[in-house]
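In what follows, every heavy atom counts, from backbone to side chain, and hydrogens, waters and symmetry copies are set aside. A, B, ... follow the sequence lines: proteins, then strands. Residue 1 opens every chain.
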2 protein chains.
Amino acid sequence: MTTDFNSFFQFAITVDNVIFGFDGQDLKVLLMKRGEIPYMDDWALPGHFVKQEEDLTSAAGRILEELTGLKSVYLEQVKTFGKASRHPMGRVMTVAYYSLININDFEIKPAFIAKKATWFKVSDVLKTPLAFDHKDILIACIDRLKVKVKTQPIGFELLPNKFTLTELKQLYESVLQHQLDKRNFRKKILSMKILIDLQESQEGVAHRPAKLYSFDSERYNRLIEDGLHFDISYPAMQA
Amino acid sequence: MTTDFNSFFQFAITVDNVIFGFDGQDLKVLLMKRGEIPYMDDWALPGHFVKQEEDLTSAAGRILEELTGLKSVYLEQVKTFGKASRHPMGRVMTVAYYSLININDFEIKPAFIAKKATWFKVSDVLKTPLAFDHKDILIACIDRLKVKVKTQPIGFELLPNKFTLTELKQLYESVLQHQLDKRNFRKKILSMKILIDLQESQEGVAHRPAKLYSFDSERYNRLIEDGLHFDISYPAMQA
DNA sequence: ATACTTAGTGTACACTGTACGCATTCTTTA
DNA sequence: TAAAGAATGCGTACAGTGTACACTAAGTAT
């Protein structure tokens, strides 16, 4: 009975993290070139084994921090992948997370430069093979992000504190893979009253500078209490 | 290095399954009285250890079938719970699934009668303590169901093949915990054209019998291709 | 026959989504 | 310094959907 019970304790758990960034044009994901077997030299999601005494959530945060130096960023669990055959070296389940970071804050930690951590356009990565079942994991995270970004104000996590409405629109378009109508997008976002008009403008651009805004999370929370329905649905705003 | 690697393989994985049913009045969940330590005699979600050679998805299906005899029912992974302290007897992570079954098809397998599998009203269970972190798991599954039932036609999984519009409305009300306006609900559902009018009526009721409908999944899929937006949002239909 | 119970229907109004074009403000360069 | 270029930023009209709301119809039970 006891030995029977113990026989179950032979799994390993990893956390794999789909780190999304946005460079003003495209949605990007951070991949690492594997330096060990299996899948040596293939591109893979950053991930690690969970340690014996470590909470799952802590493990996800640790990976992100070790790699990027960033703490307290947006991090969400998506799905656990547990096919018996998914890891050639044993029974390893992986819990997939995705995180949203401001790509400008980001700086790869020296320890990882050797492992070649690189940003890829999401649209490109979908065409190239990845280690393990990481392609499936990536797709699951993209799908989750698409759903979530429409109904939760998480898109702002990918932008600098100060941003223009054009940048925000570009972000939504690259996540949702859909063109949006400029005027309707502005109208909708501004009508929610969740942005602070910073009374500042872009500088150094070769055209009329755009106004800068920031996301007012306190106000957002108050409005949600009052029944605000955050919803950026692209069928509603096709260009 | 190898020993180091092996040291990670000391986790156990369980699957816990929140089995939802609907009796025409209330949303219910199937719980079992535990017959072993820890948490002996407490109510708990049905669950099991995942076996060495078993896919995660198969394990979830196996639990459901062993308990209810039902195969190929709606089953969805929700979240993995992995606090280091969550299981007093070792490092056990659990992957939470929920499933939707037609309560009339259901018959508890004899092996489980001894373990007292019983349906509870969801609203009651939320007030009583459960084993482990099963309360958290239950809440996560309820929340997921609420979100999902609004945008996917999964509510029908909880109903018999033939149902009345009043039953369907009652189902939504008990899941969403919100009253809906009868006329608007009917108008919305019928306007989607995803129900088949069976040209039959209820029998044996002490009042005007209601018409029976069934869900037309093929038609639904066709309409989705054409851009149908399934959305039963309660702010839109408050009573 | 009457009372009772639930099923089933329609309309008016407000609001939101959607489509769409032009003037404005800044930089660059001729 | 004038003109061209580039992106910003604004408004309106129409269609469609959401929402509120009360009574009649069709059965059963007494």
Side-chain angles (χ1 to χ4, degrees), chain A residues 24-25 150-151 159 162-173 176 178-213 223 226-239, chain B residues 24-25 150-151 159 162-174 176 178-214 223 226-239:
Chain A
Q25 286 305 121
K150 283 192 258 186
T151 56
L159 291 173
K162 304 176 177 186
F163 52 85
T164 69
L165 290 182
T166 302
E167 287 167 345
L168 186 62
K169 170 168 168 282
Q170 181 68 32
L171 165 64
Y172 272 95
E173 288 177 337
L176 299 175
H178 244 267
Q179 295 300 110
L180 303 175
D181 180 84
K182 180 170 56 162
R183 286 155 296 184
N184 293 337
F185 180 79
R186 294 177 146 258
K187 201 193 316 180
K188 183 149 195 174
I189 289 285
L190 291 176
S191 73
M192 290 185 191
K193 303 192 186 303
I194 57 176
L195 298 186
I196 301 170
D197 181 343
L198 295 172
Q199 310 286 358
E200 294 177 57
S201 294
Q202 279 181 312
E203 287 175 17
V205 287
H207 53 76
R208 175 176 176 179
K211 289 169 78 175
L212 293 171
Y213 293 88
L223 290 170
D226 298 348
L228 173 70
H229 220 38
F230 186 92
D231 188 14
I232 309 292
S233 43
Y234 49 85
M237 297 198 282
Q238 278 173 35
Chain B
Q25 287 304 123
K150 284 193 259 186
T151 55
L159 291 172
K162 303 176 176 186
F163 53 85
T164 70
L165 290 183
T166 302
E167 287 167 343
L168 185 61
K169 170 167 167 283
Q170 182 69 32
L171 165 65
Y172 273 95
E173 288 178 336
S174 61
L176 299 176
H178 245 266
Q179 295 301 109
L180 303 175
D181 179 84
K182 180 168 58 162
R183 282 160 297 188
N184 292 338
F185 180 79
R186 294 177 146 259
K187 200 191 318 178
K188 184 149 195 175
I189 290 285
L190 291 174
S191 73
M192 289 183 191
K193 302 191 185 304
I194 56 176
L195 297 187
I196 301 170
D197 180 343
L198 295 172
Q199 311 286 357
E200 293 176 58
S201 295
Q202 276 181 312
E203 288 176 14
V205 287
H207 53 77
R208 175 175 177 178
K211 290 170 78 175
L212 293 172
Y213 292 87
S214 67
L223 291 170
D226 298 348
L228 173 68
H229 221 37
F230 185 91
D231 189 12
I232 309 291
S233 42
Y234 50 85
M237 296 199 282
Q238 279 174 33

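- Here A/Lys193 pairs with A/Arg219 under the side chain to side chain contact (heavy atoms under 4.5 Å, CB included) rule; sequence neighbours left out.
- B/Asp181 has its CG atom 13 Å from the C1' atom of C/dT11, to the nearest Å.
- Here the side chains of B/Leu176 and B/Lys150 are in contact, with some heavy-atom distance below 4.5 Å.
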Polar pairs (N or O, both sides) under 3.5 Å between protein and nucleotides 12-15 of chain D?
{"unit_1": "D/dT12", "atom_1": "O4", "unit_2": "A/Lys187", "atom_2": "NZ", "d": "3.0"}

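- With sequence neighbours left out, the side-chain hydrogen bond (donor to acceptor under 3.5 Å, both in side chains) criterion links A/Lys211 to A/Asp197.
- The closest side-chain heavy-atom distance from A/Leu168 to A/Tyr213 is not below 4.5 Å.
- In this entry the distance linking CD1 of B/Ile232 with P of D/dT17 reads 14 Å, nearest Å.
- With rounding to whole Å, A/Gln170 atom CD is found 15 Å from D/dT8 atom C1'.
- D/dA7 atom C1' lies 15 Å from atom NZ of A/Lys211, rounded to whole Å.
- Rounding to the nearest 0.5 angstrom, the gap separating the NZ atom in B/Lys169 from the CG atom in B/Asn184 is 10.5 Å.
- Within the nucleic acid shown, B/Thr164 has no heavy atom closer than 4.0 Å to any nucleic acid atom.
- No donor-acceptor pair closer than 3.5 Å links the side chain of B/Glu173 to the backbone N or O of B/Gln179.
- Taking atom NE2 on B/His229 and atom P on D/dG16, their separation rounds to 17 Å, with Å as the unit.
- We find that CD1 of B/Ile189 is positioned 15 Å from P of C/dT9, with the value rounded to whole Å.
- A search for ring-ring contact (aromatic ring centres under 6.0 Å, His included) contacts involving B/Phe163 returns B/Phe156, not counting sequence neighbours.
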Please encode protein proximity along nucleotides 21-30 of chain C as a string of B, S and -, counting only heavy-atom distances under 4.0 Å. B--BBBSS--

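- Residues from residues 194-203 of chain A placing a heavy atom under 4.0 Å of any atom in DNA chain C do not occur.
- For A/Arg183, the salt bridge (charged side-chain N to carboxylate O under 4.0 Å, His left out) partners at least two apart in sequence or on another chain are A/Asp181.
- A/Gln25 contributes atom CD, which lies 9.5 Å from atom CD of A/Glu167 (distance to the nearest 0.5 angstrom).
- Residues A/Leu159 and A/Gln170 are not in side-chain contact: their nearest non-hydrogen atoms beyond the backbone lie 4.5 Å or more apart.
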Side-chain atoms of residues 198-207 of chain A: list all donor-acceptor pairs with protein atoms under 3.5 Å, sequence neighbours left out, distances to 0.1 Å.
{"unit_1": "A/Glu200", "atom_1": "OE1", "unit_2": "A/Lys162", "atom_2": "NZ", "d": "3.1"}
{"unit_1": "A/Glu200", "atom_1": "OE2", "unit_2": "A/Lys162", "atom_2": "NZ", "d": "3.1"}
{"unit_1": "A/Gln202", "atom_1": "OE1", "unit_2": "A/Ala210", "atom_2": "N", "d": "3.0"}

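- Put simply, CG on A/Asp231 is 12 Å from P on D/dG18, counting in whole angstrom units.
- Regarding A/Phe185, its CZ atom lies at a distance of 12 Å from the P atom of D/dT8, rounded to whole Å.
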